[in-house]
Structures are given as C-alpha cells and as structure tokens.
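Okay, so here's the structure we're looking at.
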There are 2 protein chains.
Amino acid sequence: MLRAAEQQLAASDDNDVSTRAVCEAVGVGQPALYRIFGDKAGLLAALVDHGFERYVERKRALETTEDPVADLRAGWDDHIAFALENPAVYRLMFSPTLTRRPEAPETIFGLLSATLERCARAGVLRLPAPLAAQRILSANVGVALAVLVRPDLYSDPQLSTSVRDAVFAACLDEPGSPDEPAGLDEPGSPGEQGRLDGQGRFREQGRSGPETAGADIGPVAIRLAAQLRAEPSSPLGDEEQQLLLKWLDLLGAGA
Amino acid sequence: MLRAAEQQLAASDDNDVSTRAVCEAVGVGQPALYRIFGDKAGLLAALVDHGFERYVERKRALETTEDPVADLRAGWDDHIAFALENPAVYRLMFSPTLTRRPEAPETIFGLLSATLERCARAGVLRLPAPLAAQRILSANVGVALAVLVRPDLYSDPQLSTSVRDAVFAACLDEPGSPDEPAGLDEPGSPGEQGRLDGQGRFREQGRSGPETAGADIGPVAIRLAAQLRAEPSSPLGDEEQQLLLKWLDLLGAGA
DNA sequence: CGATGTTCCGTATCGTTGATACCATCGAAG
DNA sequence: CTTCGATGGTATCAACGATACGGAACATCG
C-alpha cells in the first residue's frame, strides 16, 4: 500500500493522493486504510517515515573513511542525490505543510552530529556539533528543495557543491581550505564531486591508538595557553585565569 | 477577500483554506470567488503574488547604502524577518507543492542580482551575479523554512547570521573577512529566537590597538571546547571539566 | 459438534469541499 | 416599458475524507 501511495504521489502533479485511489490500486476498501493508518495524515506520515527510513539506511551505508571531512561532504552530496532520486517523497518529507511532524529528523541530526563529532575529534570543528548540524542541514535542505522545485531558476550545476563548501568552511577549520575557484570543475561531470583534499591530512598524528584524539587536544590547549599568557586582559578573574592556565598546561602535557 | 483568505490561512493549522469559509467571511457566494480568481489555485496564486508583492516592496524600501555588502546582509536578514513575520504566506510562497508557479521569484532574483552587481562594481564579487544569487537565495530560503517549520530543531539564534556569512564569504572577497563571528551564544536560552538581524554586527572588528591579539583567542577557545566536548575522556574531573568548558565558552563569546 | 466471540473486510453512507448550472435582480440602452 | 448584458445568489453535482453497519472467516470454549 505504501508502494502504491508512493507511486500515485509521484504520478500526481500536486503531490497529493486520494485514499480511494490508493485502496483501489491495492484492491481493498477504504476502511482497511483507516484501520491500518488511522487517518490520511497517518498514511502520509507513514510514507514520510518510510522515506526517512530509506534516507537513514542509505546514509548508514555510506562507508566512513578515515577522513571525517570527506565523509561530511559525501553526506551532503548523498542528501542532494536522495532528493533528486525521490522528488515526491522528499517534497513530502520536508514540506512546510505537515500536520504530523515526524521524529526522524532528530535521527538525521544524530547521524550528522556523529560525523561532526569525528571532525571535532580530529580537531577541525570550530563549534559545537549540534550548531554545525543545524547550519549544514538547513542549507542542505534549502539547496535540495531549490533545485528540486525550481530547476529553471536554480540551474547552476555547481550550486550544491559551492554552498556545501561555503557552509563547511564556516564550520570546519581545514588547513588547506578549498576556497572555491568557481568553474574549474567540469560542469558536465557532476558525478565526481572531486577530492578537494585527499591525502590523509591528519595522518601525521599517526599513532593509530586511542591516544590520537587526546594528542589532538594538546596542541590546541598549548596554543590557547600561550595566547592567554600573552594577552593579560581577560573576562576571567586572576585566580580563575591561573587555574585555567594550569588545566590547559595539563591538557597540553597530554596527561 | 485576500485579507480574509490570509487570515484564515494563518489561523488554520494545516495551511489550507476552504473557498466556502473565505466567501462566507467576506459575505459573498462561492461563484464570486470563482469569477474573480477562476479557481482555488488562482486564489492561492493571488495570495502568493500578494505576498511576493509585499516582499519586493519591502526589499525596495531597504535603503541602499554605499556599502553593497552591508546591503546584501540586510537583504538576507530582511528575508528571514519577512518569513518570521508572515509564516503562513511564506510557507505558501516557498511551498514545494505549488500548482501554479509564480514568476515573482524572478523579480527577486533580479533585485538580488542588482545588489550583487553593485558588489561586483566594488570589486568584491568573485563570481557572476546570477550564480551568487542562486547560492544566496537557496540557502536563505532553506534557513528561513528551517527556523519557521521546526524551531525546536533549529534553535540556534545565530543560525541565520552564520549561514549568511558563510555563503557570503564564498561569494564575496572581503578585505577583512569576518570569518567566524559566531560566538557561542548560550545554548541554554533557546527561548529568545528574535532579532537575529543585526545591531552593529561585527562591532568587534574595530581593531583599536593591542586588542588584535585578543581577537584570536575566541576561535581557539571555541575549538578547544568543541574538542573537549567531543572527547569525553580527560585528565580532569567532571566538575573541573564543566568549569573549564564554561570558561572556554566565555572566552569564545569574547565578552 | 455447536455456540460464541474476535477479527477482518466490504458496502453503504455522512459531512465537507471544490466547482458549476441555473435563476433572480439590477442598471443601462433602445 | 421592453430588452439585454452583467452581476450575485441558490441549489446542485462530483469527489473526497471518514465512519457506521453488516457479514464472513477463524479461533475459542462449552
């Protein structure tokens, strides 16, 4: 029945389905639908949940490499690809007019935050993961809806990648920022979004043990401590500042 | 009649109106509506056009200063403000499920491109205006819809400005790139969504004297805080860690 | 084996909504 | 006064969401 509903949804031009048509396509009466989903909104909610399920499943299937930033980019691109491959369901999933708001987006936030946490562990995340997730997802959905609903207006083949890199650049702290030489990438080959980085940037920290994360915190703590010592004016009091410096030295020593 | 329709639209929870209710509110029969707008989609289209009209009118009312980049930022903020002030109409205007697609968005593109051309004349635009307009508008709509439809998930009061600056940074070539004014605004106070625009946005840029070194402390503190949050294992105790994070946030906020 | 209850399905139906046919009223021209 | 076009309203149709009611199949129990 969900299949039939999705087909009819994709076929219809106004992204709406009638319970009669769905039931007739499956070969049952309307009460069956109402017994199963309780409501038309229930049917649509189930459809949305099914869409989110596929979305999450797909996202989980994306292999996680040792480069969390590359995974982040792949996640963005996969989001766009999902939207373009399932336009009807995507429109429904992110439609501003939803009676029942699904809880799946929180799962999405969780997945995205997980990747972002990996970035944070690598020391390239400049702000808390939840905030970065909000920025990334809102922009991602905006671009997806734009190219989905008005491809005539949003016709730049590099729209997605450029907004992606822009938002990422604001959240991450990459050594060699890609920095957008717009138009170098062949517009005709959008499939390959291009290895802007690649060569295992943080490999030099190298030690494959669990110490890697702690080793990344150290330099940052040392740097901050040095800055604080050089800059006496601080919103903190003297005693607090002393204690903070002590802790930073502790973190810098790597425990 | 448009007023009545808009009121009913704002009142209804599913962003839909019935022709009967609208006509009854005005005091006429349904045929009047169908003679005027021809269709329910026509009524909604007129409503959307009316919304775009106000939007454009508002945008034209924004004074143009000698700083096109500031005007660009004001335009973004005004877009968000319009969305928050007219949620129902905005949802309709940018709803993915629209039968009749209005031509007003092209006017919006024109206005935005005009400001961008001014940026280009000032020598700060890094790419053709139409491409920049696509990036800016798609992200702008995405953020607006996000904070409009799911304020519970997109609760960061700095979401709009941060995405704005990120996208702008990718399109423009500013001498002093703001580069992360995103202080960690207290996550514990999500209730106040308002006024994301901008009372003297980057006032801190006024580098007057030795403060320049202090300006670098913020980002480093934010980064270290993010790393610490992502990496629970720490040589510090829980209470110490909490206090340390609080101080780091304080330093990150620059206050 | 028969009675009873539960579950499921389908037909028929209700209330609402979008959309329209048809008639009434009114003002202007002849 | 008559005629005609225009405008507004009543009644109505078709489709839709939603539900009440009855019947069939199956299981359970006496």
Side-chain angles (χ1 to χ4, degrees), chain A residues 1-52 87-103 149, chain B residues 1-52 87-103 149:
Chain A
M1 185 174 288
L2 284 176
R3 246 199 323 273
E6 189 168 337
Q7 284 180 359
Q8 303 218 2
L9 192 77
S12 86
D13 56 344
D14 61 338
N15 281 100
D16 197 12
V17 290
S18 73
T19 60
R20 278 187 166 80
V22 172
C23 296
E24 194 172 344
V26 184
V28 298
Q30 293 174 282
L33 189 150
Y34 285 89
R35 270 186 283 269
I36 297 175
F37 300 104
D39 201 352
K40 181 182 180 179
L43 170 67
L44 294 182
L47 217 56
V48 167
D49 285 340
H50 185 63
F52 274 117
V89 183
Y90 188 88
R91 269 143 98 132
L92 206 64
M93 286 164 62
F94 294 95
S95 173
T97 67
L98 268 188
T99 56
R100 299 238 251 281
R101 17 191 90 179
E103 76 287 8
V149 178
Chain B
M1 185 174 288
L2 285 176
R3 245 198 326 270
E6 189 169 336
Q7 283 181 0
Q8 304 220 1
L9 192 77
S12 84
D13 56 344
D14 61 337
N15 282 100
D16 198 10
V17 290
S18 73
T19 60
R20 273 187 169 79
V22 172
C23 295
E24 193 172 344
V26 184
V28 299
Q30 295 175 280
L33 189 150
Y34 285 90
R35 269 187 283 271
I36 296 176
F37 300 104
D39 202 352
K40 180 182 181 178
L43 170 67
L44 294 181
L47 217 56
V48 167
D49 286 339
H50 185 63
F52 274 117
V89 183
Y90 189 88
R91 268 144 98 133
L92 207 64
M93 283 164 64
F94 294 95
S95 172
T97 68
L98 268 188
T99 56
R100 299 239 250 283
R101 20 190 86 180
E103 76 287 6
V149 178

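The structure presented is a predicted model; accordingly, all values stated were derived computationally and were not measured.
Spacing between atom CZ of A/Phe37 and atom P of D/dA18 amounts to 13 Å, rounded to whole angstrom units. In this structure, the CG atom of B/Leu44 is 10 Å from the P atom of C/dA19, given to the nearest Å. As a whole-Å value, the separation of B/Leu33 CG from C/dT17 C1' is 13 Å. Note: NZ (A/Lys40) to C1' (D/dT19) measures 17 Å, nearest angstrom.
Under the 3.5 Å distance criterion, the side-chain polar atoms of A/Ser95 are left unmatched by any main-chain donor or acceptor of A/Leu98. At least one donor-acceptor pair closer than 3.5 Å links the side chain of A/Arg91 to the backbone N or O of B/Pro96.
Here the CE-CG distance, from A/Met93 to A/Leu47, works out to 10.0 Å after rounding to the nearest 0.5 Å. Considering CZ of A/Arg20 and CG of A/Leu33, their distance stands at 11.5 Å, rounded to 0.5 Å. Here the CG atom belonging to B/Leu44 is positioned 7.0 Å from the CG atom belonging to B/Asp16, to the nearest 0.5 angstrom.
The 12-atom threshold is exceeded at CZ of A/Arg101, counting heavy atoms of other residues, nucleotides or ligands nearer than 6.0 Å.
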- Reading nucleotides 20-27 of chain C 5' to 3', which nucleotides get B (base under 4.0 Å from a protein heavy atom), which S (sugar-phosphate only), which -? BB------
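You'll find the side chain of A/Val28 reaches within 4.5 Å of the side chain of A/Met1, heavy atoms only. Between A/Tyr34 and A/Thr19 there is a side-chain heavy-atom pair separated by less than 4.5 Å.
Within residues 14-27 of chain B, the residues that place at least one heavy atom under 4.0 Å from DNA chain D are, in residue-number order, B/Arg20, B/Gly27.
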